[in-house]
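Quick notes on the structure that follows.
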Amino acid sequence: MTKDKVVLAYSGGLDTSVLVRILSLDYGYDVIAVHVDVGEARDAKEVVARAKAAGAVAVELVEAQEEFARDFCFPALQANALYQGVYPLNSALSRPLIAKHLVAAARQHGAVAVAHGSTGKGNDQVRFDLGTKGLAPELKIIAPQRERNISRDAAMEYAATHGIPVPASKKSPFSIDENLWGRSIEGGVLEDPAAEPPEEAFAWTRGPTTASPQPTLLRIGFEAGLPVSVDGKRLSPAALIRRVGEVAGQNGVGRIDLMENRMVGIKSREVYEAPAAVALIAAHQDLERFTTIALSHSVKRELDDHFANMVYQGFWFSPLREAIQAFNDVHNKSVTGEVTLKLHHASLRVVGRTSPYGVYNQALSTYGKEDSFDHRAAEGFIQLMGLQLQEFARLHGEPKP
Ligand code: ARG
């Protein structure tokens with residue numbers, strides 16, 4: 001009898017290697033392992049070999065760095081997406097992309113289910129599940145880690161007993177999830193909110209003693225709200241993110257320490273390093289302020305907040321995300337130009353911007369003699385603006401201190 005097929009989101013690490021075997025032995029599936037490359041430094045050949053050795057009947061490697069950059073990171077950038085005002089959503093953005101490729105593989109192989117290795121207390125389970133539901137409501141979703149809560153030690157033991165090869169790399173004291181847009185660092189000593197994250201937690205950003213001694217200027221070019229060049233050189237979306245990340249990281253920019261509100265109600269201490277995201281969002285926000293008018297800018301800020309929350313909660317494949325993104329595309333039509341960033345010792349400042357659409361008229365704003373603003377017009381404007389206040393005060397007298 002042929003077995004049903006399941007498509008597993010396979011990272012190449014210990015946990016998902018063990019899951020390959022569990023899904024085939026205990027759940028009775030033929031397992032198709034799908035590894036989506038979103039910019040983690042992993043050796044593809046090794047990933048394939050490990051999935052096979054763990055018992056996968058097929059392995060799919062999806063090279064998705066440019067897709068991730070263009071279709072997920074850049075829309076998030078247009079929305080200046082920062083959860084709780086600081087977290088650029090690197091992990092949250094990758095899950096719907098992985099879900100999309102799981103669904104594609106499931107259809108291609110005629111699988112009845114998708115599976116992932118997320119636990120029952122994190123956010124990623126929600127994002128994988130909602131991503132799958134939003135694209136393929138007919139697929140079953142299996143999350144063995146959520147059902148069984150397999151500890152790291154138990155996984156190691158299982159791998160040893162079943163002869164499953166695991167990555168040889170030395171065990172990190174942290175739980176890491178990384179992609180082009182950033183690196184999430186959890187666990188170990190970071191679980192004490194009072195303890196400063198040790199230098200060894202960081203891999204992409206330099207600390208005070210090793211950061212570049214000299215400041216670096218970085219000129220980011222945008223077209224319609226999308227970054228297209230660095231210092232005048234045009235780069236693909238993924239290459240651009242990598243370049244900005246490198247320079248910002250060398251200057252120690254992009255470290256984030258957040259007491260985070262998880263979806264399941266838990267407060268957790270999360271540490272991130274996202275040098276590219278932090279620098280690009282600062283640049284984009286600045287150019288948006290320069291090239292859009294106050295009326296639309298205030299609505300955009302509210303929508304930005306919705307966008308970030310929605311991505312955090314796993315609603316990427318939703319009509320609301322599409323609608324807000326459509327608004328952002330229109331709003332960003334004028335967000336074209338260049339922004340100069342100055343990076344030095346963990347500080348990031350916008351120090352200049354140019355644009356053919358800068359809504360800035362020096363003749364209006366100057367205090368110099370070229371002033372063309374009609375000062376007298378302000379008088380009538382203030383008279384009407386203050387009328388309601390004046391009438392109220394006439395009835396109630398002076399407000400009591
Ligand atoms: N707290 C972050 C988020 O929910 C990071 C999650 C990191 N994921 C992981 N599997 N380590 O987006």
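In listed order, ligands and their atoms are each counted from 1. Keep in mind that this is a model prediction, so the values were computed, not measured.
- Summary of contacts: the protein heavy atom closest to atom 11 (N) of ligand 1 is E186 OE1, 2.9 Å.
- Nearest protein heavy-atom neighbour of atom 1 (N) of ligand 1: E260 OE2, 2.8 Å.
- Here Q125 has no heavy atoms under 4.0 Å from ligand 1, in either its backbone or its side chain.
- Ranking protein heavy atoms by distance to atom 4 (O) of ligand 1, first place goes to N123 ND2, 2.7 Å.
- Other residues, nucleotides and ligands place more than 12 heavy atoms under 6.0 Å from the CZ atom of R148.
- Residue-ligand proximity, S184 to ligand 1, at heavy-atom distances under 4.0 Å covers atoms 5 (C), 7 (C).
- In the vicinity of S175, heavy-atom distances shorter than 4.0 Å reach the ligand 1 atoms 11 (N).
- At most 12 heavy atoms of other shown residues, nucleotides or ligands fall within 6.0 angstrom of atom OH in Y357.
- Between the side chains of Y272 and E260, at least one donor N or O sits under 3.5 Å from an acceptor N or O.
- For T366 and D371, the side-chain atoms include no donor-acceptor pair closer than 3.5 Å.
- Residues D124 and H116 have side chains that never bring a donor and an acceptor to within less than 3.5 angstrom of each other.
- Under a 4.0 angstrom heavy-atom cut-off, R183 registers as lying outside contact with ligand 1.
- In this structure, atom 2 (C) of ligand 1 lies nearest to the protein heavy atom Y272 OH, 3.0 Å.
- Remark: ligand 1 atoms within the under-4.0 Å shell around heavy atoms of E270 are 1 (N), 2 (C), 5 (C).
- Taking a 6.0 Å sphere around CZ of R70, one finds it holds more than 12 heavy atoms contributed by other residues, nucleotides or ligands.
- From the protein, the heavy atom lying nearest to atom 8 (N) of ligand 1 is D124 OD2, 2.8 Å.
- With no hydrogens or angles considered, a side-chain donor-acceptor pair links R255 and T205 at under 3.5 Å.
- Y312 carries R127 over the face of its six-membered ring, with the cationic atom under 6.0 Å from the centre and within 45° of the normal.
- Between Y27 and Y29, the ring planes lie parallel to each other; the angle is under 30°, not in the 30° to 60° tilted range.
- Nearest residue to atom 7 (C) of ligand 1 from S11, G182, S91 is S91 (criterion: closest heavy atom).
- Looking at R127 against ligand 1, only its side chain comes within 4.0 Å, counting heavy atoms.
- Backbone and side-chain nitrogen or oxygen atoms of Y87 are examined, and one is located within less than 3.5 angstrom of a nitrogen or oxygen of ligand 1.
- Annotation for ligand 1: atoms under 4.0 Å from non-hydrogen atoms of D177 are 8 (N), 9 (C), 11 (N).
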